[in-house]
Amino acid sequence: MQRSSAGLGARGTTRRERLIESDPPPGSKPEGKRWSTSQDRFPQLSWPTMPSACPASQRVLVTGATGYIGGRLIPRLIEAGYAVRCLARSPQKLLGRSWSQDPNVEIVAGDLQDVGSLRAALDGCRHAYYLVHSMEAAGSAYRDQDRMLARNFVDAARGSDLQRLIYLGGLGETGENLSEHLTSRREVEAELQKAQAALTVLRAAMIIGSGSASFEILRYLVERLPIMVTPRWVMTECQPIAVANVLHYLTQCLRTPETAGRTLDVGGSEVVTYKKLMQIMAEARGLRRRIIIPVPVLTPRLSSLWIHFVTPLSHRIARPLAEGLRNRVVCRDDDAARLMPQKLSGVRDSIEHALGNAEQAQVETSWADAGPIPGDPDWAGGTTFTDRRVQHIAASPAEVFRAVCRIGGGHGWYAAGWLWRLRGFMDQLVGGPGLRRGRKNPEKVGYGEALDFWRVTGIEPPRYLELRAEMKLPGVALLSFEIESAGANESVLIQTARFKPRGLLGLAYWAAVLPLHGYVFRGMLTGIRKSAEARRSS
């Protein structure tokens, strides 16, 4: 398990101390509290809402529950009548999901690096979904990491009640010319084949859905580049599939005994080149036809750096994806469609549906949601700089909290927009996320979600929001907002920025940005006040 960031509260007590004071009683589910993960606090954390009404034969473990596919699969499994146990390193990421309160949902803390926590999570489960990937590891290390995690899962499953295991891998031609990305998927398949349970492997190419990594790459490239000099892989054929079609296959697997022990290719209704895919995206966005010039000299490394510069994805994620694009990814047969029939969406319909969801802020999950919450900085040791500001607001705490939660994304940061954009551009140049990740919903935020180059690491509506900086920094930075009631429709907003420098460069960084805080943070507080008071008056 990973640990989330924690900092000093406005009154001198640590947020960690306040968390310990409000720990939930055994068997209860935390409500209205401020949560952060910690291995010593949650050795085997479990928050079931109530005993499941489903029989044991219907109990399913979902690994990767906070990921893009896992977060969308869980509500569909519930709807299909299964009791779902969600395994997550940071369980509080799931507590804001609409389905987390369902009586057939159990959220447990665990890590695939810890075989003991896996054994506990598998206890009583007849079925499991393996939806874990490690693409953010540096270089080829993600292959070693993925093999190790799959091996741990198999070890933990020995002697359990597990009968079915379903894995979502990557579609691609077999042979020695597979990219490292797809080779890693095959290696995971080989490890999972050693499990006592019957394994079903679903191999998918690009998944088209709002918030998916490959879809975001496609969208940003097309929107921002009317002329593209591309690698030769733009002429490679692929068979994209809508995320809704993938979720249908994943759900139906458990209801279709004929899929047990099978490897099935899953794809949409069309085979297209990546060049054609880009032109379809341009048409769906109402843009002019893109000029695409393939050249033979662009390597995966150069391509990934260019993707990092133009899109919200880091080069660490972009590189394995870019390498995988060189392989033809087309279904070898239609066995999956025959065994689990459904209407397969075409490329244009899939893209238009995904774009529509993004425009209406109906993005269920996003690539940016996955991954561990960073560890706690050691605030007790060394130098920690603090910038604390207070603003009185003629609005209720709930109205102020709503205004605070609107920061980031398309709404911006209330003040000094050009400075935020400049800081984002500078971060992007040195390999950071910049401001490109935006946010899923313009009004609501949840634990673990990305807000531009920040991550939500603490939330307690309507009183508290904490963000941890994920831009490239010589240190660790937190920005927190605490809201206190000051009477009828009156509130006090306390904004605290903390920075723990790393070496002399960290000290120099704080000295350089401190003069700008008065302009940036004072303007942000003023903007939040005006927004909250305007909403109250309306």
Side-chain angles (χ1 to χ4, degrees), residues 60 62-82 84 86 94 97-99 102 105 127 129-131 133 166-171 200-219 238-256 259 264-272 276-277 280-281 283-285 321 329-331 334-370 440-441:
V60 181
V62 176
T63 66
T66 60
Y68 179 74
I69 293 295
R72 297 188 182 214
L73 175 64
I74 291 164
R76 287 156 179 84
L77 289 173
I78 298 167
E79 186 179 352
Y82 294 97
V84 183
C86 311
L94 301 176
R97 307 288 174 91
S98 60
W99 43 262
D102 191 282
V105 170
H127 318 297
Y129 286 87
Y130 192 89
L131 304 173
H133 300 311
I166 298 171
Y167 170 63
L168 180 62
L171 186 60
T200 300
V201 177
L202 299 180
R203 292 178 175 174
M206 174 187 285
I207 296 176
I208 299 180
S210 54
S212 82
S214 52
F215 180 76
E216 291 302 307
I217 288 177
L218 175 67
R219 182 168 70 90
C238 63
Q239 194 169 351
I241 183 169
V243 65
N245 292 144
V246 173
L247 294 170
H248 172 87
Y249 282 135
L250 286 168
T251 307
Q252 287 299 116
C253 263
L254 291 184
R255 293 180 167 182
T256 311
T259 63
L264 300 168
D265 294 352
V266 297
S269 62
E270 297 177 71
V271 175
V272 296
K276 177 64 174 177
L277 199 58
I280 294 174
M281 172 64 81
E283 292 173 9
R285 296 294 290 147
L321 291 176
V329 283
V330 175
C331 294
D334 63 351
D335 288 354
R338 178 176 50 81
L339 292 170
M340 298 171 285
Q342 63 171 314
K343 181 180 179 182
L344 294 171
S345 298
V347 173
R348 186 180 302 275
D349 287 343
S350 301
I351 289 176
E352 290 178 349
H353 185 72
L355 291 172
N357 283 341
E359 290 171 359
Q360 297 172 31
Q362 294 179 351
V363 181
E364 288 184 66
T365 57
S366 169
W367 65 273
D369 295 341
K440 289 193 302 186
N441 187 292

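What you see is a predicted model; the values in this text were computed from it and never measured. Because only heavy atoms are used, hydrogens play no part in the values below, and waters and symmetry mates are left out as well, while side chains stay in.
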If we only count heavy atoms from C-beta on, is the [X] to [Y] side-chain gap below 4.5 Å?
{"X": "Val272", "Y": "Cys238", "answer": "yes"}
{"X": "Met281", "Y": "Leu355", "answer": "yes"}
{"X": "Ile241", "Y": "Ile207", "answer": "yes"}
{"X": "Leu77", "Y": "Tyr129", "answer": "yes"}

Got a second to check how far [X]'s [atom1] is from [Y]'s [atom2], nearest 0.5 Å?
{"X": "Ser345", "Y": "Ile351", "atom1": "OG", "atom2": "CD1", "answer": "11.5 Å"}
{"X": "Ile74", "Y": "Ile69", "atom1": "CD1", "atom2": "CD1", "answer": "11.5 Å"}
{"X": "Met206", "Y": "Ser212", "atom1": "CE", "atom2": "OG", "answer": "7.5 Å"}
{"X": "Arg203", "Y": "Leu264", "atom1": "CZ", "atom2": "CG", "answer": "10.0 Å"}
{"X": "Leu254", "Y": "Ile166", "atom1": "CG", "atom2": "CD1", "answer": "4.0 Å"}
{"X": "Leu218", "Y": "Ile208", "atom1": "CG", "atom2": "CD1", "answer": "7.5 Å"}

Heavy-atom closest contact ([X] atom, [Y] atom, distance):
{"X": "Asn357", "Y": "Ser210", "value": "CB-OG, 3.7 Å"}
{"X": "Gly70", "Y": "Val62", "value": "CA-CG1, 4.4 Å"}
{"X": "Tyr130", "Y": "Tyr167", "value": "O-CD1, 3.2 Å"}
{"X": "Cys86", "Y": "Trp99", "value": "SG-CZ3, 3.9 Å"}

Review point. Has the side chain of Thr200 got a donor or acceptor atom that lies under 3.5 Å from a matching backbone atom of Thr259?
Key: yes

Review point. Is there a donor-acceptor contact under 3.5 Å from the side chain of Thr256 to the main chain of Met340?
Key: no

List in chain and number order the residues that pass side chain to side chain donor-acceptor pair (under 3.5 Å) with [X], two or more places apart in sequence or in another chain; answer none if no residue qualifies.
{"X": "Ser350", "answer": "none"}
{"X": "Arg255", "answer": "none"}
{"X": "Thr63", "answer": "none"}
{"X": "Asp349", "answer": "none"}

Practice item. Quick one: which residue pairs count as a side chain to side chain donor-acceptor pair (under 3.5 Å) with a foot in residues 238-250, not counting sequence neighbours? Key: Asn245-Gln342

Revision key, fill the gap. Contacts of Arg348 meeting side-chain contact (heavy atoms from CB on, under 4.5 Å) (sequence neighbours excluded), chain-then-number -> Ile280, Glu283, Glu352

Review point. Who pairs with Asp335 by salt bridge (Lys or Arg N to Asp or Glu O under 4.0 Å), at least two apart in sequence or on another chain?
Key: Arg262, Arg338

Revision key, fill the gap. The complete set of salt bridge (Lys or Arg N to Asp or Glu O under 4.0 Å) pairs with one or both residues in residues 66-80, sequence neighbours excluded, reads Arg76-Glu364

Check your understanding: With Leu202, which of Leu168, Leu171, Asp265 fulfils side chain to side chain contact (heavy atoms under 4.5 Å, CB included)?
Key -> Leu168

